[in-house]
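Quick notes on the structure that follows.
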Amino acid sequence: MDKLDHWVSGASLAPSTDDYLPVTDPATGTTARHIAVGDERDVDVAVASAAAAVEAWRQIPALMKGRLFAELARAMRTEAAELAALEISETGKPQALALGEIENSATYFDFYGGLMGMPSGDTLDVAPDQHVYTRREPFGVIGVITPWNVPINQAARACAPALAAGNTVVVKPSESTSSSTVRLAQLASEVGFPPGVFNVVLGTGQSAGAALVTHPTVAKVAFTGSVQTGRVIGKIAAERIIPVTLELGGKSANIIFADADLDTAVDGAVKAFTANAGQVCSAGTRLLVHRSIQDEVVGKLVDRTARVRVGDEMGPLITRDQFHRVQEFFKIAESEGAHAATGGTVAATANETGGFYVDPTVYTGVDNSSRLAQEEIFGPVVVVIPFDTDDEAVTLANDSDYGLVAGVWTRDVSRALTVSDRLRAGQVFVNTWSTGSVQTPFGGWKNSGYGREKGVEALHHYSQVKCVTVKLDTPGD
Ligand code: NAD
């Protein structure tokens, strides 16, 4: 059985604890490999290595660093099948999805490699005898903590802009899905990133994650995960007075107006809650439908959902805990009197394979104040809620503790724009549903977090402004 160690200073590092944790393949319920259980001693070594590498990284000219990013993206594409296999062994996701994730992850390095050195700052016209300019400077060592749903993508999404802004990184991936992140860091070393620039420490949140957030040399934390853990990390960051980006959960509303192209809208709505078996923070899990088209939409939704092939098109829940949690929500739905128009059960595939599969599920008869409509399930479950007016649709959409994403389906451009303006969410999709592109800033309002990943905005979140004022000698002085 494989044993996976930390990757620190361009080499494998065994855990000080001598302890290894089993990782489960969710497609079969069997053990895929064992990973190192790091603690504060390993974090200390990794952070020291990252701190020592800051100057070496800074000395490499921006365009040369851009070339390293291009080399890393190329290496990821060359090794896409192997990287996807690692990802599949710990997430069970279909190969096409895993390959798409590797491609997207490589694109982060293309994009930020191309932006290397940009944006760099402004000159300010303050007075004739002053030359005033701003520079964007790195923080130093960034601690990156990622969840299990799209592991290599989450690591690339944070590390590419963090490194491009001039920082070095120590990543603590989820203990359930560590291997693709370690391979990413190894590839970075293989293409020429200096030792210590890209480090990975494995282990649990309590052992390695907490030690990373509290380490005095870590100058910023980028966290993607649950609200519960985000709160803990946010408090520590406040105590330490360091910035933190919190990319947390969602319960995103997807609104279908009566004038929408219903086939396209339903197709988008099904993808929005079944992609990655619903284990996407930006999943569209509250489907708000104009009452006049509710029956037609539910009929189409059930037909389209029935065509989602569990196993080869939609993978399992990624952890055993999550498998049980989603089943808990099936019971909650029953107790709240919701009607399962389709699904609401463990999938037949689970019994055949021992994997953690559930059927994609559509609930009707749901009140927006119920637990089913308010709590993030993180599984392939959507609730359908009717509305009568545009105002009511906006009110229902905004009646959530979360504010990550929203969708609007209508042929009326004025309605699309006015409704989009009123939605309290970090991103709105009109007549489409996607996770956006690497270029589109991504992040939450309300309990979905703060700070932004992706796009040029992420570079701003991984750097800080310095303003330099130079008094000039002017003629006559
Ligand atoms: P989680 O909060 O349990 O764990 C996330 C990471 O934090 C893991 O690496 C874990 O080991 C670590 N961790 C746990 N406790 C810690 C502590 N005390 N200190 C430091 N690190 C700690 O989340 P999860 O269950 O892995 O992921 C699912 C959640 O992530 C969902 O709520 C989902 O919405 C969210 N998510 C958000 C985004 C986004 O971009 N907004 C993307 C993906 C997932």
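Numbering of ligands and ligand atoms starts at 1, following listing order.
- Taking the six-membered ring for Trp and thresholds of 30 and 60 degrees, F198 and F193 have ring planes more than 60 degrees apart, a perpendicular arrangement.
- Ion pairing between E190 and R183 holds under the 4.0 Å rule for side-chain N and carboxylate O.
- The closest approach between a heavy atom of P173 and any atom of ligand 1 is below 4.0 Å.
- Listed by atom number, the atoms of ligand 1 under 4.0 Å from G249 heavy atoms are 34 (O).
- In terms of modelled atom types and a separation under 3.5 Å, the side chain of K172 and the main chain of G203 share a donor-acceptor contact.
- Neither the backbone nor the side chain of T319 has a heavy atom within less than 4.0 Å of ligand 1.
- Contact annotation for E453 and ligand 1: no heavy atom of the residue comes within less than 4.0 Å of the ligand.
- Annotation: G225 places an N or O atom under 3.5 Å from an N or O atom of ligand 1; distance criterion only.
- Residue contacts with ligand 1, taken as heavy atom pairs separated by less than 4.0 Å, involve R157 solely via side-chain atoms from C-beta onward.
- For the residues T229, I233, T146, the heavy atom positioned nearest atom 6 (C) of ligand 1 is part of T146.
- Using a distance-only test at 3.5 Å, with no hydrogens or angles considered, no donor-acceptor pair links the side chain of E90 to the main chain of D25.
- Here S448 has no heavy atoms under 4.0 Å from ligand 1, in either its backbone or its side chain.
- Residue contacts with ligand 1: Q322 is excluded, as none of its non-hydrogen atoms falls under 4.0 Å.
- With a 4.0 Å heavy-atom cut-off, ligand 1 is reached by no atom of Q228.
- Contact annotation: for L248 versus ligand 1, heavy atoms closer than 4.0 Å belong to the backbone alone.
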